[in-house]
Amino acid sequence: MGLGTKNRQKQTADICKQYLREKHSDKLPLVEEFIHEIEGTGKHQDITHWGQLTDSARDNEEMLKRLDAAFEKWLNP
């Protein structure tokens, strides 16, 4: 995997986490739990799992809509 791909994956993860923390600041403990559920923790942490929310066009607006939907579905199964 090239350096560009790793940087893109980290950028995607950072955008998603920042967005969730800002938009749902009133639910921060739940946001942190959701983040850990998506990417794992410790030895099993993998930021590439945020890629499930992206599309081939790398449209951030669409990604954030999918992120909102995934978080709401997680909150209200």
Side-chain angles (χ1 to χ4, degrees):
M1 181 180 330
L3 183 59
T5 301
K6 288 182 182 180
N7 287 339
R8 239 184 340 270
Q9 290 171 339
K10 182 177 180 343
Q11 183 181 32
T12 296
D14 291 343
I15 289 169
C16 289
K17 290 187 281 190
Q18 180 181 358
Y19 175 79
L20 282 173
R21 289 176 178 138
E22 289 174 1
K23 181 167 185 194
H24 301 285
S25 61
D26 59 323
K27 301 174 188 155
L28 207 47
L30 292 171
V31 167
E32 293 302 324
E33 187 176 334
F34 179 74
I35 289 170
H36 290 300
E37 205 164 293
I38 292 281
E39 65 184 31
T41 58
K43 181 178 162 183
H44 301 287
Q45 187 174 13
D46 185 0
I47 63 169
T48 62
H49 291 140
W50 292 103
Q52 66 187 318
L53 302 167
T54 61
D55 61 1
S56 60
R58 298 195 201 295
D59 181 2
N60 279 356
E61 188 175 322
E62 180 62 30
M63 176 180 68
L64 297 178
K65 285 180 188 176
R66 290 178 183 186
L67 178 58
D68 273 334
F71 184 64
E72 289 302 321
K73 183 177 179 184
W74 181 82
L75 281 177
N76 307 301

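It should be emphasised that the depicted structure is a prediction, and the values quoted were computed from it without experimental measurement.
Environment of CD in Gln52: crowded, with over 12 heavy atoms of neighbouring residues, nucleotides or ligands closer than 6.0 Å.
One distance of note links NZ of Lys65 with CD of Glu61; it measures 5.0 Å at 0.5 Å rounding. Annotation: the span from Asn60 atom CG to Thr54 atom OG1 amounts to 9.5 Å, rounded to 0.5 Å. Distance check, rounded to the nearest 0.5 Å: CD1 of Ile47 to CG of Asp14 gives 7.0 Å. Separation of atoms CD1 (Ile15) and CG (Leu67) is listed at 11.0 Å; rounding is to 0.5 Å. Atoms NZ and OG1, from Lys10 and Thr12 in turn, are 11.0 Å apart once rounded to the nearest 0.5 Å.
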Review item, side-chain donor-acceptor pairs of residues 70-77, under 3.5 Å, at least two apart:
from	atom 1	to	atom 2	distance (Å)
Trp74	NE1	Glu37	OE1	3.2
Trp74	NE1	Glu37	OE2	2.9

For a side chain to side chain contact (heavy atoms under 4.5 Å, CB included) check, start with the C-alpha distance between Arg21 and Ile35, then their side-chain angles and the critical distance, and finish with the verdict. CA-CA 10 Å; Arg21 289 176 178 138; Ile35 289 170; 3.8 Å; yes

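The two atoms that bring Glu39 and Gln45 nearest to each other are OE2-NE2, 2.9 Å, heavy atoms only. When all heavy atoms are compared, the tightest approach of Met63 to Cys16 is SD-SG, 3.9 Å.
Annotation: side chain of Gln9 is not in contact with side chain of Trp50 (no heavy-atom distance under 4.5 Å).
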